[in-house]
Amino acid sequence: MTATGRGWRRTAAVAALALAAAGCGIRGTSVPVDAGGAPSRVSCKAPASETAPGASDGTQATVYLVCGSALAQVERAVPVAKGTAGTDPRLEAARALLGELQRRPSSDEDKAGFSTAVPVDLKVAGPRQGDPPDALRLTVRPDDLPSFALAQLVCTYGASPALGRTHAAVLAGPGHDSAHRYDCSADVLANPDIAQNAGWGDPLSEEG
């Protein structure tokens with residue numbers, strides 16, 4: 001048989017298989033199909049209130065952790081701040097909450113799908129001269145933080161009664177940049193990567 005004849009028969013065979021598949025309602029595909037089990041899903045259901053080390057006499061606080069592609073709140077027992085004389089209680093509360101965000105999720109939180117993006121070496125200080133009184137200065141510019149980390153900070157600080165429960169945070173970095181107000185909106189909770197948008201946060205000053 002000639003090569004042309006063999007080629008014709010192969011073409012006819014492929015066409016017949018395609019017609020048979022179409023008749024059975026099967027759509028052809030050029031990529032392999034994974035028929036394995038469905039990917040595992042996390043619950044994002046917060047476990048019972050977690051107690052931080054040394055927080056047996058602590059207070060309840062809401063912190064926002066990463067779960068999937070969004071933020072979800074978790075209740076934690078936070079140690080009572082033991083500040084020195086003259087220390088701003090707001091700053092002590094902000095430091096305690098930052099420590100909770102930096103703490104590795106418990107085993108129950110981990111099983112539920114929670115994690116944190118806040119850098120362990122991040123620190124927070126009080127306002128400088130010219131800052132709004134409720135401003136907090138971070139050791140990293142807010143816009144240079146991972147977007148999820150910034151959203152975690154904003155929403156955790158915004159939910160804190162000790163910080164006024166403003167649903168926002170007034171943050172600045174270590175330089176001379178103006179402080180900005182970052183709101184914890186429903187969009188931020190659902191899409192924490194909104195923090196990558198340069199327009200998030202309004203510049204503030206002591207006068208404005």
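Note that this is a predicted model, so its numbers are computed, not measured. Heads up: numbering here begins at 1 and tracks the sequence.
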Between [X] and [Y], what is the shortest heavy-atom contact and its length?
X    : Y    : answer
Q60  : A77  : OE1-CB, 3.6 Å
G68  : C44  : N-SG, 4.4 Å
C184 : L189 : SG-CD2, 3.8 Å
D177 : R141 : OD2-NE, 3.0 Å
A172 : S178 : CB-O, 4.2 Å
A117 : A149 : O-CB, 3.4 Å

Between [atom1] on residue [X] and [atom2] on residue [Y], distance to nearest 0.5 Å:
X    : Y    : atom1 : atom2 : answer
S115 : D110 : OG    : CG    : 8.5 Å
Q102 : R95  : CD    : CZ    : 12.0 Å
R103 : E109 : CZ    : CD    : 6.5 Å
S160 : R90  : OG    : CZ    : 8.5 Å
L71  : F114 : CG    : CZ    : 10.5 Å
D193 : L150 : CG    : CG    : 11.5 Å

Do any N or O atoms from the side chain of [X] and from the backbone of [Y] form a donor-acceptor pair under 3.5 angstrom?
X    : Y    : answer
R137 : G173 : yes
R76  : E100 : yes
T62  : Q73  : no

Indicate yes or no: at least one non-hydrogen side-chain atom of [X] is less than 4.5 angstrom from one of [Y].
X    : Y    : answer
L97  : L163 : yes
V188 : Y182 : no
T166 : Y157 : no

- Message: For L101 and L122: C-alpha separation, side-chain torsions, deciding distance, then whether side-chain contact (heavy atoms from CB on, under 4.5 Å) applies.
- Response: CA-CA 10 Å; L101 291 174; L122 184 68; over 6 Å; no

- Query: Just wondering, more than 12 heavy atoms not from R128 lying within 6.0 Å of its CZ?
  - Reply: yes

- Item | side-chain contact (heavy atoms from CB on, under 4.5 Å) between L65 and Q152, worked out | CA-CA 6 Å; L65 301 181; Q152 282 184 259; 3.8 Å; yes

- Item | From CA spacing to verdict: side-chain contact (heavy atoms from CB on, under 4.5 Å), V170, L136 | CA-CA 6 Å; V170 179; L136 294 168; over 6 Å; no

- Going through the checks in order, is the side-chain contact (heavy atoms from CB on, under 4.5 Å) test met by L153 and L145? CA-CA 10 Å; L153 280 167; L145 287 170; 3.8 Å; yes

